[in-house]
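Heads up: the structure comes next, in structure tokens.
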Amino acid sequence: MKLTFGTDGWRGVIADEFTVANTRRVAQAHAQALRDSGGTAAAVAHDTRFLGDRFARAAAETLQGAGLDVTLLGGATPTPALSYAVKSGGLAGGVMITASHNPPIYQGYKLKGPYGGSATPDLVAEVERRIDAPPPRRQPAR
């Protein structure tokens with residue numbers, strides 16, 4: 001299944017295109033892009049949407065399995081708190097599992113840059129380009 005990215009990342013209907021397996025595909029591509037640019041650490045958070053904690057854990061496990069040091073923020077977290085964690089921690093990037101203003105049937109994987117804000121269009125394009133790389137490895141998140 002082709003995953004299409006928009007502003008800030010990828011969104012889809014839960015259980016249709018937004019699945020745990022596709023979340024892992026995106027996280028693997030994201031990890032490769034961060035590592036290829038010299039990144040070593042990232043943070044992951046989620047909001048209160050349905051299964052946000054499960055999608056966040058899948059993303060964190062995949063990022064960690066790809067060799068990044070990952071901080072999985074506990075419980076539902078506002079996006080600005082993730083942005084602060086990324087910037088203040090000097091991390092390569094972050095992931096916010098949220099679909100923001102979209103209807104409740106949607107979930108999303110928002111990419112954050114090392115400055116805590118939305119990822120650059122170049123990073124988004126790089127992650128999208130890498131989506132069909134080899135399958136992700138899983139490693140328990142800390």
Side-chain angles (χ1 to χ4, degrees), residues 1-83 85-87 89-142:
M1 169 184 291
K2 174 142 175 64
L3 303 181
T4 304
F5 281 58
T7 306
D8 290 342
W10 163 63
R11 287 170 192 77
V13 173
I14 298 168
D16 187 358
E17 63 265 355
F18 205 101
T19 63
V20 170
N22 282 338
T23 299
R24 288 187 179 119
R25 285 174 61 202
V26 173
Q28 181 69 26
H30 187 196
Q32 290 170 341
L34 291 176
R35 287 185 50 88
D36 285 357
S37 67
T40 60
V44 178
H46 66 87
D47 65 10
T48 60
R49 283 189 184 244
F50 182 68
L51 295 178
D53 58 338
R54 184 164 180 203
F55 293 121
R57 182 161 295 282
E61 289 172 352
T62 303
L63 292 166
Q64 192 163 306
L68 293 173
D69 181 22
V70 177
T71 300
L72 177 58
L73 302 180
T77 304
T79 300
L82 170 70
S83 294
V86 170
K87 183 170 173 50
L91 307 180
V95 176
M96 185 68 199
I97 301 295
T98 180
S100 301
H101 64 282
N102 291 280
I105 63 170
Y106 283 84
Q107 188 54 281
Y109 185 112
K110 289 177 78 170
L111 303 159
K112 295 293 180 185
Y115 38 83
S118 298
T120 64
D122 287 345
L123 176 59
V124 173
E126 185 63 21
V127 171
E128 188 174 18
R129 184 183 73 75
R130 294 169 180 261
I131 289 296
D132 292 317
R137 293 178 13 213
R138 287 185 240 163
Q139 180 175 335
R142 290 183 263 146

Q) Can you list the steps and then say if L111 with F5 is a side chain to side chain contact (heavy atoms under 4.5 Å, CB included)? A) CA-CA 10 Å; L111 303 159; F5 281 58; 4.2 Å; yes
Q. CZ of R57 to CD1 of I97: how many Å apart, nearest 0.5 Å?
A. 12.5 Å
Q: Go through V124 and D8 one step at a time and tell me if the side chain to side chain contact (heavy atoms under 4.5 Å, CB included) criterion holds.
A: CA-CA 7 Å; V124 173; D8 290 342; over 6 Å; no
Q.
Would the distance check show the side chain of T19 and the main-chain N or O of A15 forming a donor-acceptor pair, the cut-off being under 3.5 Å?
A. no
Q.
Show the nearest heavy-atom pair for residues G113 and V86, with the distance to one decimal.
A. O-CG1, 3.3 Å
Q: Flag yes if more than 12 heavy atoms outside Y115 fall under 6.0 Å of its OH atom; otherwise flag no.
A: yes
**Q.** Side chain to side chain, I131 and V26, heavy atoms closer than 4.5 Å
**A.** yes
(Q) Determine whether a donor-acceptor pair (N or O, by modelled atom type, separation under 3.5 Å) exists between the side chain of T77 and the backbone of G75. (A) yes
Q. Of all heavy-atom pairs between N102 and R49, which one has the smallest distance, and what is that distance?
A. O-NH2, 2.6 Å
Q.
Keeping Q64 on the side-chain end and A60 on the backbone end, is there a donor-acceptor pair under 3.5 Å?
A. no
Q: Check whether any side-chain heavy atom of S83 sits under 4.5 Å from a side-chain heavy atom of K112, and report yes or no.
A: yes
Q.
I'd like to know whether T98 forms a side chain to side chain contact (heavy atoms under 4.5 Å, CB included) with H46, so could you lay out the CA-CA distance, the side-chain angles of the two residues, the decisive distance to 0.1 Å, and finally the verdict.
A. CA-CA 6 Å; T98 180; H46 66 87; over 6 Å; no
Q) Out of curiosity, H30 NE2 to L63 CG, how far, rounded to the nearest 0.5 Å? A) 6.5 Å
Q. Taking it one step at a time, do D47 and M96 satisfy side chain to side chain contact (heavy atoms under 4.5 Å, CB included)?
A. CA-CA 8 Å; D47 65 10; M96 185 68 199; 4.0 Å; yes
Q) Taking all atoms of both residues into account, what is the closest heavy-atom pair of T40 and A92, and its distance? A) N-CB, 4.2 Å
Q: Starting at CG of L34, measure out to CG of L123 and round the result to the nearest 0.5 Å.
A: 6.0 Å
Q: Drop me the distance from L3's CG to Y109's OH, to the nearest 0.5 angstrom.
A: 12.0 Å
Q.
Parallel, tilted or perpendicular: which one describes the rings of F18 and F55, with boundaries at 30° and 60°?
A. perpendicular
Q: Heavy atoms only: give me the nearest G52-Q107 pair and the separation to one decimal.
A: CA-NE2, 3.8 Å
Q | Main-chain N/O of Y106 paired with R11 side-chain donor or acceptor, under 3.5 Å | A | no
(Q) Strictly below 4.0 Å, N to O, side chains only: are R130 and D36 in salt-bridge contact? (A) yes
Q. When you check the gap from the basic side-chain N to the acidic O, do D132 and K2 get nearer than 4.0 Å?
A. no
Q | Nearest atoms (heavy-atom pairs only) where A85 meets L91 | A | O-CD1, 3.8 Å
Q. To the nearest 0.5 Å, what is the distance between CZ (F50) and CD1 (I14)?
A. 6.5 Å
Q. Cut-off 3.5 Å, side chains only: do K110 and S100 have a donor facing an acceptor?
A. yes
Q.
On a heavy-atom basis, which atom in A29 and which in V127 lie closest, and how many Å separate them?
A. CB-O, 3.4 Å
**Q.** Separation of R129 CZ from Q32 CD (nearest 0.5 Å)
**A.** 9.0 Å
